[in-house]
**Student:** 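Quick one: this structure, given as structure tokens, is what I'll be asking you about.
In this chain, numbering begins with 1 at the start of the sequence shown. Hydrogens, waters and symmetry mates play no part in the numbers below; they use all other heavy atoms, side chains included. What you see is a predicted model; the values in this text were computed from it and never measured. Just so you know, ligand 1 is whichever comes first in the structure, and atom 1 is the first atom listed for that ligand.
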Amino acid sequence: MTEKLLSTDHPIRFEPPADLAAAANVTEAAYARAESDVEGFWAEQAERLTWAEPFTEVLDWSDAPHARWFADGKLNAAYNCVDRHVEAGRGDKVAFHFVGEPGDTRDLTYADLKDEVSRAANALTDLGVGSGDLVAIYLPMIPEAIVAMLACARIGATHTVVFGGFSAEALASRIEDCRAKLVITSDGGYRRGTPSPLKPAVDAALARLGGQSPVEHVLVVRRTGEYVPFDDATDLWWHDVVDSASPEHTPEAFDAEHPLYVMYSSGTTGKPKGILHTTGGYLTGAAYTHHAVFDLEPDTDVYWCTADIGWVTGHSYIVYGPLANGATQVLYEGTPDSPHRGRWWEIVEQYGVTLLYTAPTAIRTFMKWGREIPDGYDLSSLRLLGSVGEPINPEAYLWYRNVVGGDRCPVVDTWWQTETGQMMISPLPGVTAGKPGSAMRPLPGIGADVVDEEGRSVPNGSRGYLVLTKPWPAMLRTLWQDDDRFVETYWTRFADLGYYFAGDGAKKDEDGDIWILGRVDDVMNVSGHRLSTSEIESALVSHPRIAEAAVVGAADETTGQAVFAYVILRAGDGNTGEALIQELRGHVAKEIGAIAKPRQITIVPELPKTRSGKIMRRLLRDVAEGRDVGDTTTLSDPNVMALIAAAEG
Ligand code: WTA
């Protein structure tokens, strides 16, 4: 069974459910339409938005790779996400069912959201913030985070949301790089049942910047009510300045290319890249893909994206795409295991969630906890499941589809990046027969290919580099304050062909469907054979005893690199100790080939992960190569490395 599932030659396929296919938002015809006139296609999608001044030009690519989309049009992003739904008579519709970790709940309608965003916009204006200013947002997953983002958009201020799990140091470097004038934070948030402070990290960041700090004010939301130090010269309570502001605010129209936000993302150097997204094209790309890939029916669906608003997924698929489409959403503050491991499923049952969008790492965690937990809840409201962030191994896909989706929900594996702003490669749920482990085809209007070193399209059945072959509306426009790095990072590798180099490896199967193999820097070279870390991880996880696996290539004198694996066991009977390790090595050899056999397999209690759930393979590489481990400040649990070192013996 496993062998068959992992084989890209004869993969299982799941046809779209007949009722979904019959009534799908987007059908097969979209591919042909986009193929025949891609700019016309995107212009049609841009018409989903309300423009204060219509655009006459679609794409200006004359200064490639710097794109301008809909450049002579004007619009307001917050108006598109909020006001127009109220004006259309849908003000009473719930925008967010907020669920706080301690159990407090709050429903915000679109009318509530309009009042809140308008108040916040007035308050920011009173603080001297306006078009062209930068605002840093450092908040937990509470409604004010979304209100703050939309208030910035409404007045033309550019936001940069810094994930609440980042340290004071990371916050300081981002504030400094983008010269933020205002920081919006909270006293704290709830994490695993206890209040966890945030404001002290802002204070530490500003202290670190000292006289260099560009910050004039810190606006503080009261969430936990715990004591926080307060500096009357700079700090203001949100409830003092926002709650008393007028709920009347007239949005101003901004150019389509007005900077909407900067999102910092780690690159291959130590300095994070400030990825810039602008307004009209970005909203078009986020709204269209949300409509197409989730098949959103705004009147009946309850959509829940579990990402944090500190990441691009939260920006495109909690804030801008779904709100532009008038969706009703769940917004959950906490972790999946607080106060119990059934929390997510309890929320799905309670709110009748129909569309769920999450990450493979979460799915594998649920697999580790066992199916009895989701089986204890009524999940029959679900009709579609999405995955994002890393390759989803076939076992996790099948578990997700079967245990969470009751074998009736299609799974859409969506490939995209902070840089792309919108989903790029994904099944369309009413069209595509999905294969577990494959992101399938570029979406309508998107050009993607797998190419060799010279940029030649590889034949089906081969692997290579993933490239994007044409500009798309939500593409990043540049890197903040670093245009050279923008051109160098993404556009020089295949400069002659004008391709965007995504930094991922991929393969095309016999049908030409795309399987993402992970970052190219996670590709190993063992005795001249190219191996993907994620492929070996997938093989390990297909063994019944393995819950999670992380694989790294460690330097080796003779083979170039050697495969080192770190695995978490599931409960169960069978071999243990050295016998189990030999069994696992044999299993990998069977699934992929002897060349992929890990040199060393270490059984560990946990893997080092960032708070967003990405495995920090760099740290495992340090361990495998016998070095002191590097910077662990972005780990969700800094003690993990000590446990792994102990397991290595
Ligand atoms: C990986 C997250 C395989 C990929 C939206 C990409 C994926 C990086 C998938 C971007 C997927 C994202 N299948 N790999 N469905 N989605 N990735 O910027 O390596 O946090 O380059 O954006 O995540 O991560 P980022």
Side-chain angles (χ1 to χ4, degrees), residues 161 163 165-166 261-268 272-277 282 285-286 289-290 293 305-321 357-364 385-394 396-397 400 411-427 432 434-443 446 448 450 463 465-468 472 474-476 479 489-490 500-507 513-523 532-535 537-538 609-617 634:
V161 181
F163 175 56
F166 275 130
Y261 71 84
V262 175
M263 167 109 268
Y264 287 90
S265 170
S266 40
T268 46
K273 302 179 283 195
I275 290 159
L276 174 68
H277 285 293
Y282 173 77
T289 50
H290 184 257
V293 173
C305 167
T306 67
D308 191 280
I309 45 112
W311 308 115
V312 74
T313 305
H315 283 52
S316 298
Y317 298 109
I318 296 177
V319 183
Y320 292 106
Y357 193 28
T358 192
T361 181
I363 298 162
R364 289 194 297 264
L385 304 172
S387 172
V388 62
E390 50 176 318
I392 180 166
N393 50 297
Y397 180 116
Y400 194 27
V411 173
V412 287
D413 174 13
T414 64
W415 178 87
W416 58 293
Q417 307 178 300
T418 305
E419 290 86 344
T420 70
Q422 63 176 84
M423 297 165 181
M424 303 297 281
I425 305 176
S426 168
T432 317
K435 298 173 188 172
S438 172
M440 305 300 291
R441 300 273 168 125
L443 286 166
I446 301 300
V450 181
R463 47 188 69 202
Y465 300 106
L466 183 64
V467 294
L468 299 170
W472 63 100
M475 65 197 290
L476 79 165
L479 294 179
T489 306
Y490 306 106
Y500 168 93
F501 172 53
D504 279 319
K507 65 187 167 196
D513 293 320
I514 295 174
W515 298 62
I516 310 293
L517 297 172
R519 303 293 304 185
V520 182
D521 31 20
D522 286 338
V523 171
S532 148
T533 51
S534 74
E535 213 172 7
E537 287 167 4
S538 187
K609 287 183 189 163
T610 63
R611 305 239 172 128
S612 69
K614 281 207 166 53
I615 294 171
M616 292 190 71
R617 293 189 180 75
T634 53

**Student:** Give me the residue, atom name and distance of the protein heavy atom closest to atom 21 (O) of ligand 1.
**Tutor:**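 It is D504 OD2, 2.6 Å.
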**Student:** What orientation do F501 and Y465 show, parallel under 30°, tilted 30 to 60°, or perpendicular over 60°?
**Tutor:**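 Taking Y465 first and then F501, their aromatic rings stand perpendicular (interplane angle over 60°).
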**Student:** Between P360, A506, G389, flag the one that comes closest to atom 12 (C) of ligand 1 by a heavy atom.
**Tutor:**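 Checking each option, the heavy atom nearest atom 12 (C) of ligand 1 is found in G389.
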**Student:** Tell me which protein heavy atom sits closest to atom 24 (O) of ligand 1, plus the residue, atom name and distance to 0.1 Å.
**Tutor:**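 That would be K614 NZ, 3.8 Å.
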**Student:** Give the ring-plane orientation class for Y282 versus Y320, where under 30° counts as parallel, over 60° as perpendicular and anything between as tilted.
**Tutor:**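 Ring orientation, 0 to 90° scale: perpendicular.
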**Student:** Pull out every atom of ligand 1 sitting under 4.0 Å from any heavy atom of T313, numbered as shown with elements.
**Tutor:**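 Numbered from 1, ligand 1 contributes 5 (C).
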**Student:** Of all heavy-atom pairs between P427 and V412, which one has the smallest distance, and what is that distance?
**Tutor:**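 Distance-wise, the nearest heavy atoms are O-CG1, 3.8 Å.
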**Student:** Closer than 4.0 Å to some heavy atom of I516 - which atoms of ligand 1 meet that?
**Tutor:**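 Listed by number with element, the hits are 3 (C), 14 (N).
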**Student:** Roughly how far apart are W472 CH2 and M424 CE, rounded to 0.5 Å?
**Tutor:**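 Here the rounded value is 4.5 Å.
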**Student:** Look at the aromatic rings of W416 and Y317 and report parallel, tilted or perpendicular, splitting at 30° and 60°.
**Tutor:**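 Because their plane-to-plane angle is over 60°, the rings of W416 and Y317 count as perpendicular.
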**Student:** Starting from atom 3 (C) of ligand 1, what is the nearest protein heavy atom, named by residue and atom, and what distance separates them?
**Tutor:**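 That would be P391 N, 3.1 Å.
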**Student:** Taking R364 first and then E537, would you say they form a salt bridge - that is, a charged N and a carboxylate O separated by under 4.0 Å?
**Tutor:**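 Here R364 does not pair with E537 in a salt bridge, since their nearest N and O are not under 4.0 Å apart.
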**Student:** Among protein heavy atoms, which lies nearest atom 8 (C) of ligand 1, and at what distance?
**Tutor:**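 Its nearest protein heavy-atom neighbour is W416 O, 4.2 Å.
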**Student:** Are any of the heavy atoms in A439 under 4.0 Å away from ligand 1?
**Tutor:**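 No; A439 lies far enough from ligand 1 that no heavy-atom distance drops under 4.0 Å.
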**Student:** Is there side-chain contact between L276 and L476, with heavy atoms separated by less than 4.5 Å?
**Tutor:**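 They are not in contact (no side-chain heavy atoms under 4.5 Å apart), so the answer is no.
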**Student:** In this structure, which one of I425, I514, D513 forms a side-chain contact (heavy atoms from CB on, under 4.5 Å) with R441?
**Tutor:**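 Among the candidates, only D513 passes.
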**Student:** With heavy atoms under 4.0 Å as the rule, classify the contact between T414 and ligand 1 as side chain, backbone, both or neither.
**Tutor:**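 The backbone, only.
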**Student:** Select one of side chain, backbone, both or neither to describe which atoms of T418 lie under 4.0 Å from any atom of ligand 1, heavy atoms only.
**Tutor:**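 Looking at T418 and ligand 1, atoms from backbone and side chain both fall under 4.0 Å.
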**Student:** Check E390 against ligand 1 and report side chain, backbone, both or neither, counting heavy atoms closer than 4.0 Å.
**Tutor:**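 For E390, only backbone atoms sit under 4.0 Å from ligand 1.
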**Student:** Of all the atoms in ligand 1, which lie at a distance below 4.0 Å from a heavy atom belonging to D413?
**Tutor:**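 In order of numbering, the contacting atoms are 11 (C), 13 (N), 15 (N).
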